Protein chains: 2
Amino acid sequence: METATNPLSRKAQIDQVATDLFRRRGFAATSMRELAAALGIEAGSIYSHIRSKEEILHRICFGLAESFMGGLRAAQTELPATPAGQLRRAIENHVRVLIQDTAASAVFLHEWRHLSEPALTEFQHLRQQYEAEFRELIAQGVQTGDLYTPDPAFAALTLLASLNWLPTWYRPDGPLTADQIAQRLTDQLLDGLAY
Amino acid sequence: METATNPLSRKAQIDQVATDLFRRRGFAATSMRELAAALGIEAGSIYSHIRSKEEILHRICFGLAESFMGGLRAAQTELPATPAGQLRRAIENHVRVLIQDTAASAVFLHEWRHLSEPALTEFQHLRQQYEAEFRELIAQGVQTGDLYTPDPAFAALTLLASLNWLPTWYRPDGPLTADQIAQRLTDQLLDGLAY
DNA sequence: CCTACCGATCGGTAGG
DNA sequence: CCTACCGATCGGTAGG
């Protein structure tokens, strides 16, 4: 009998445990035998639920890519639509996705290179597209006079870099809520540190 | 006969080629046979110059740690010493180390977790110390009124995150010099994007 | 620096 | 989901 405390399918359970291992030890350094042990089963048994180790990585990476893209689209189609306002909302949504599952986010950010072709190229295109949209938001903000930067591409990279460090240090039991963190990051990035 | 175009010792050559492979494919996913092939020798031959795969990683990680620490010390002991000025100089030095060897920097930033104990703990302490000094510079700047942030620890993490993304996108043949990049990063982080 | 090799471990499969 | 196993590859060593 399934208990109410464990509503995950075995496949979803495998993904979740694997995500944690991939994050902590890296994809290449995580063996299917470790994964099996963490699940309390034998290595061979995993393969009745998944086809390969890379399939798990694929699901993690592309699942997150979809979440990030969804958040960005939502920000872009908002109505009180100054570019600066949309950028602020895009940052908030990005932070929200990161915080919702820091383990999956960390894998998304650092382990994607272990994908093999053609998934690897597809993934890289998705990321480039995402970055390009942030760049575009910033460039629009510069045009309307809401933002200032000599180099929107540079600004976009730096901005995303600051955000993407979050899975490294964020602890769910810390003092700040997701929205507070998003707020502070946005303030700091938009207003700077100088007085 | 050694030629003038190749002044590196074999050991240094191994480190350099390994750094590039570790950066591109990850430490765990790089085999000693790949490394040997890239060097044009057989796998067994590597071990007359080094003791283990991890020894290479150790040298890379702790070598960079020393460079970063050196740059920070230099910034801290500068004379026209407002905290904000020291911070600006610390950022410049950090960027300079990153740019001087982006491959080694990337390994330093992402592959250190494959170190085994006790090196792993030692390394983590060095990084925490480095971060703490940045935090302290920012906190001092807030006290003197040169800087503003509600949370110096938060600001320090964000700042270093922005800088540390650099090895991911920097290309030596790009249009910006190291000093220009340091300048822009500093300006953007201190002054923000908002107009 | 090479040849030849070690034991261990890898991702994955067959058959039940 | 387990047992038993496959071929391949791993980091590293001995002896020259």
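Note on naming: letters A, B, ... go to the chains in the order of the sequence lines (proteins, then strands), and numbering restarts at 1 for each one. We use all heavy atoms of the structure for the numbers below, so side chains are in, but hydrogens, waters and symmetry mates are not. Nothing here was measured: the structure is a model prediction, and the numbers come from that model.
Considering CH2 of B:W112 and CG of B:L120, their distance stands at 6.5 Å, rounded to 0.5 Å. If you take CD1 on A:I14 and CD1 on A:I46, they are separated by 6.0 Å, rounding to the nearest 0.5 Å.
Atom C1' of nucleotide C:dC5 and atom CD of B:E42 are separated by 14 Å, given to the nearest angstrom. In this structure, B:K53 places its NZ atom 14 Å from P of D:dT13, rounding to the nearest Å. Atoms CE (A:M32) and P (C:dT13) sit 10 Å apart, rounded to a whole Å. Rounded to whole angstrom, the span from the CD1 atom of B:I56 across to the P atom of D:dG11 amounts to 10 Å. One interatomic measurement links the two molecules: NE2 of B:H49 to P of D:dT13, which rounds to 15 Å at whole-angstrom precision. Rounded to whole angstrom, the span from the CD atom of A:E34 across to the P atom of C:dA8 amounts to 18 Å. Whole-Å rounding puts the B:Y47 OH to D:dC10 P distance at 11 Å. If you measure from atom CD1 of A:I50 to atom P of D:dC1, you get 13 Å, rounded to the nearest angstrom.
Residue A:S31 places at least one side-chain N or O closer than 4.0 Å to OP1 or OP2 of C:dC10.
Mapping A:S45 and A:A29 onto DNA chain C by nearest heavy atom places A:A29 at the nucleotide closer to the 5' end.
Nucleotide D:dG15 is matched to C:dC2 when pairs are restricted to Watson-Crick or G-U wobble geometry with both distances under 3.5 angstrom.
Between the side chain of A:R33 and the base of C:dG11 there is at least one donor-acceptor pair of N/O atoms closer than 3.5 Å.
A:F108 has its ring centre less than 6.0 Å from the ring centre of A:F123.
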When you look at A:S162 and B:T158, which way does the side chain to side chain donor-acceptor pair (under 3.5 Å) test go after all the steps? CA-CA 5 Å; A:S162 313; B:T158 309; 5.9 Å; no

